[in-house]
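Just below is one structure, and these are the notes that go with it.
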Amino acid sequence: MKQFVDTIEAIVPVFPAEAAANARAPYATYVLRETPIRTKEGIAGHEGTLTLSIYCATYEMADAIAEQVIAAVDTRTLDGRKYYYADIDSGDYPDVGLVSKEILFNTLE
């Protein structure tokens with residue numbers, strides 16, 4: 001995941017699964033879920049999904065960062081995986097003053 005993390009870090013700080021307790025917005029978290037591609041000869045690769053959640057103070061900032069991330073990752077091969085932009089969703093966390101953009105990428109190794 002080093003190339004993926006380095007690519008995202010150039011845009012916004014990123015953490016695996018959940019942010020550090022002292023993280024300040026904007027920041028992102030990611031979760032990768034993979035399933036093996038099984039053939040008669042064994043495992044031929046993996047397919048999966050990667051969810052990148054971007055947390056910011058405003059939707060405008062979250063939108064701008066999401067556009068940069070999609071442009072940097074979509075259809076690129078990083079760490080031996082090809083990433084394909086699939087979907088984006090928004091979230092609102094008024095109790096902590098944050099909004100989010102969740103970007104879904106399909107992956108193929």
Begin from the C-alpha positions of K82 and T107 and carry the test side-chain contact (heavy atoms from CB on, under 4.5 Å) through to its verdict.
CA-CA 5 Å; K82 185 99 174 193; T107 66; over 6 Å; no
How about I65 and I11: do any of their side-chain heavy atoms sit closer than 4.5 Å?
yes
Minimum side-chain heavy-atom gap I37-L108 below 4.5 Å:
yes
Between atom CG of N106 and atom CZ of R81, what is the distance when rounded to the nearest 0.5 Å?
13.5 Å
Give a yes or no answer on whether the side chain of D74 reaches the backbone of Y85 with a donor-acceptor pair at less than 3.5 Å.
yes
Do L104 and I88 sit in one hydrophobic cluster, given that two such residues count as connected whenever their side-chain heavy atoms are within less than 4.5 Å of each other, even indirectly?
no
Shortest non-hydrogen contact from A25 toward C56:
CB-CA, 4.1 Å
Is there side-chain contact between D87 and F105, with at least one heavy-atom pair below 4.5 Å?
no
What are the two closest heavy atoms between Y59 and G91, and how far apart are they?
OH-O, 3.0 Å
With T58, which residues qualify under side-chain contact (heavy atoms from CB on, under 4.5 Å), at least two apart?
E60, M61
Using modelled atom types and a 3.5 Å cut-off, is there a donor and acceptor pairing between side-chain atoms of D79 and backbone atoms of Q3?
yes
Test your reading of the model: is there a side-chain donor-acceptor pair from E9 to the backbone of V14, 3.5 Å cut-off?
yes
Tell me if a side-chain donor or acceptor on R76 pairs with a main-chain N or O of A72 at a distance below 3.5 Å.
yes
Could you check if a side-chain atom of E102 sits within less than 4.5 angstrom of a side-chain atom of L52, using non-hydrogen atoms only?
no
Short side-chain to backbone donor-acceptor contact, T39 and G42, under 3.5 Å
yes
Would you name the heavy atoms of A17 and T29 that are closest together and state the gap between them?
O-CB, 3.8 Å
Among R33, E109, E34, find the residue that satisfies the side chain to side chain donor-acceptor pair (under 3.5 Å) test when tested with H46.
E109
Side-chain heavy atoms under 4.5 angstrom apart, residues restricted to Ile, Leu, Val, Met, Phe, Trp, Tyr: same cluster for L78 and V5?
yes
Are K101 and D63 ion-paired here, with the side-chain N under 4.0 Å from a carboxylate O?
yes
Sub-4.5 Å side-chain heavy-atom contact between L50 and Y83
yes
Kindly give the heavy-atom pair with the smallest separation between A62 and V99, and that separation in Å.
CB-CG2, 4.4 Å
Side-chain cluster (under 4.5 Å, hydrophobic types only) that I43 belongs to, other residues:
none
By the ring-ring contact (aromatic ring centres under 6.0 Å, His included) test, which pairs, at least two apart or in different chains, include something from residues 15-45?
F4-Y30, Y27-Y55
Would I103 end up clustered with Y84 when hydrophobic side chains under 4.5 Å apart are linked, directly or stepwise?
no
Go through it in stages, so that I can follow the logic: the residues are I8 and V73, the test is side-chain contact (heavy atoms from CB on, under 4.5 Å), and I'd like the CA-CA distance, side-chain angles, deciding distance and then a yes or no.
CA-CA 8 Å; I8 303 303; V73 175; 3.7 Å; yes
